[in-house]
*Asks:* 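Have a look at this one.
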Number of protein chains: 2
Amino acid sequence: MDTKFKAINDPTRREILQFLVNGPQNAGQIASQFDMSKPSISHHLDLLKQAKLIQADKKGQFIEYKLDKTGFEVIHAWFKTFSTYFEFPKPKIRIEI
Amino acid sequence: MDTKFKAINDPTRREILQFLVNGPQNAGQIASQFDMSKPSISHHLDLLKQAKLIQADKKGQFIEYKLDKTGFEVIHAWFKTFSTYFEFPKPKIRIEI
DNA sequence: TAGATAATTAAGCGAATGTCTAAATTAAAA
DNA sequence: TTTTAATTTAGACATTCGCTTAATTATCTA
């Protein structure tokens, strides 16, 4: 729990997550998006992985990262308490008979 | 944005938010829930207020705090990208004709 | 096998964070 | 008005965080 909130606390890590919405990317491709050393990005990826917000897949000498549902579900569950409290608008549906 | 994620990063602050689901409480009532000095809690309340996750209402010599929809909506919007990506289950409905 | 490439691990450092005690502010009560 | 109570502000200090460079591990290719 703590790990997940810590993971999304950092702006770079949130950007990494956003970037991965485009689909799986290897560490080098991710690092190239940021004006930051590769070891730093590697560290961020490690924290995101620990939080189960991303998954790592070794493909030869590359490591491919993608979003992991597991961690997001936990955050979602936490947030539910408050969205219920405020009754956030549900998606609208159309019914045809 | 940054302020909001920082706010929910701390476990004590998340507990304060949970506690306020029960309804508005003044600073002393909140502080009494935690094994921590009042100034520390006061500081946490300040950060939550800056993040617009809570609102402060002065009532005489007391200050009443309650959850603030504003900040939660912003977090909700951020999260939407990912819940869409994973297609989290929508609430089920029953239709009778 | 030797060299190059992808990525991580290690070590070090300044900045930010969370906590405390003490002091200050504000409002109620005696 | 003096005192008490609720709360915040200020200052200090240890811990955590994010970054960098240097070294290490693992894999591919010539």
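Below, chains carry the letters A, B, ... as their sequence lines are ordered, and counting in each starts from 1.
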*Asks:* Over 60° means perpendicular and under 30° means parallel, so classify the ring planes of A/F86 and B/F72, tilted if in between.
*Replies:* tilted

*Asks:* Honestly curious: do B/F19 and B/F62 fall in one hydrophobic cluster under the side-chain, below-4.5 Å linking rule?
*Replies:* no

*Asks:* Between residues 53-60 of chain B and DNA chain C, which residues have a heavy-atom gap below 4.0 Å?
*Replies:* B/K58, B/G60

*Asks:* Hey, what do you get for CD1 (A/I30) to OH (A/Y65), rounding to the nearest 0.5 Å?
*Replies:* 7.0 Å

*Asks:* Could you tell me the separation between the CG atom of B/N9 and the C1' atom of D/dC17, rounded to a whole number of Å?
*Replies:*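 For the pair B/N9 CG and D/dC17 C1', the rounded distance is 10 Å.
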
*Asks:* Rounding to a whole Å, what distance do you find between B/D2:CG and D/dG18:P?
*Replies:*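 B/D2 atom CG is separated from D/dG18 atom P by 11 Å.
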
*Asks:* Tell me, please, the opening and closing nucleotides of DNA chain C, 5' to 3', among those with an atom under 4.0 angstrom from a non-hydrogen atom of chain A.
*Replies:*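 Listed 5' to 3', the contact boundaries are C/dT5 to C/dT9.
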
*Asks:* What is the minimum heavy-atom distance between B/L48 and B/A7, and which atoms define it?
*Replies:* CD2-CB, 4.1 Å

*Asks:* At under 4.0 Å between heavy atoms, how does the protein contact nucleotides 1-15 of chain D? Give one character per nucleotide, 5' to 3', with B, S or -.
*Replies:* ----BSSBB------

*Asks:* Specify the closest pair of heavy atoms between B/I54 and B/L17, including all atoms of both residues, with the distance to one decimal.
*Replies:* CG2-CD2, 3.8 Å

*Asks:* For A/R13, give me all partners under salt bridge (charged side-chain N to carboxylate O under 4.0 Å, His left out), at least two apart in sequence or on another chain.
*Replies:* none

*Asks:* Figure out the CD1/C1' separation between A/I16 and D/dG18, and round it to whole Å.
*Replies:*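 Nearest whole value for this atom pair: 12 Å.
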
*Asks:* Remember a base hit wins even if backbone is also touched, and classify B/D10 as base, sugar-phosphate or nothing at under 4.0 Å, heavy atoms.
*Replies:* sugar-phosphate

*Asks:* Is B/T84 reaching over with its side chain to a backbone N or O of B/K80, donor-acceptor style, under 3.5 angstrom?
*Replies:* yes

*Asks:* Applying salt bridge (charged side-chain N to carboxylate O under 4.0 Å, His left out), name anything that partners B/K59, two or more places apart in sequence or on another chain.
*Replies:*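 Partners of B/K59 under the salt bridge (charged side-chain N to carboxylate O under 4.0 Å, His left out) test: B/E64.
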
*Asks:* Donor-acceptor check, side chain of A/Q29 to backbone of A/N26, threshold 3.5 angstrom: yes or no?
*Replies:* yes

*Asks:* Just N and O in the side chain of A/H44: are any of them under 4.0 Å from OP1 or OP2 of D/dC17?
*Replies:*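 No, outside the criterion.
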
*Asks:* Counting distance only, does the side-chain N/O of A/K4 pair as donor-acceptor with the main-chain N or O of A/G71 below 3.5 Å?
*Replies:* no

*Asks:* Please list all pairs meeting salt bridge (Lys or Arg N to Asp or Glu O under 4.0 Å) that have one or both residues in residues 37-56 of chain A, counting only residues at least two apart or in different chains.
*Replies:* none

